[in-house]
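Whatever order the structure lists ligands and atoms in, that order sets their numbers, starting from 1. On a predicted model such as this, the values are computed, not experimentally measured, just so you know.
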Amino acid sequence: MHKKSRARTRRRRAHWKATPPLLVKCANSACSLPTPPHAACRHCGMYRGRQVLPPA
Ligand SMILES: [Zn+2]
């Protein structure tokens, strides 16, 4: 039996835990930067047309 390489181990379906960050374009037309959906934009601090965070 050969030792299983880290690359082979990591390719197993059971090890696919981390998912790429889901990003959508910011609804604020003045910003339009990629931002996670259903969360305040980290760039302009807007969520559903309201300022909810201090703009960065
Ligand atoms: Zn934004």
Side-chain angles (χ1 to χ4, degrees):
M1 191 65 162
H2 286 286
K3 177 183 156 69
K4 206 185 278 180
S5 75
R6 184 157 42 176
R8 276 193 181 274
T9 299
R10 286 283 302 150
R11 267 200 290 270
R12 265 184 85 92
R13 186 71 228 236
H15 291 262
W16 294 12
K17 278 168 198 157
T19 51
L22 183 62
L23 294 173
V24 296
K25 210 177 79 171
C26 178
N28 177 10
S29 55
C31 170
S32 300
L33 287 166
T35 193
H38 314 120
C41 176
R42 286 205 307 277
H43 308 283
C44 63
M46 296 286 275
Y47 180 60
R48 290 177 59 127
R50 215 158 56 86
Q51 194 80 49
V52 294
L53 293 173

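- In this structure, W16 CH2 and R11 CZ are separated by 10.0 Å, a value rounded to the nearest 0.5 Å.
- Note that SG of C41 is 9.5 Å distant from CD of Q51, once rounded to the nearest 0.5 Å.
- When each of P36, P37, P34 is checked for a side chain to side chain contact (heavy atoms under 4.5 Å, CB included) with L22, only P37 meets the rule.
- Taking CZ from R6 and NE2 from H15, the interatomic distance works out to 12.5 Å, rounded to the nearest 0.5 Å.
- Tracing side-chain contacts under 4.5 Å through hydrophobic residues (I, L, V, M, F, W, Y), one never reaches V52 starting from M46; they form parts of separate clusters.
- Atom NE2 of H43 is separated from atom CG of N28 by 11.0 Å, given to the nearest 0.5 angstrom.
- Only protein atoms were considered; those of element N, O or S under 2.8 Å from the Zn ion (ligand 1) number 4.
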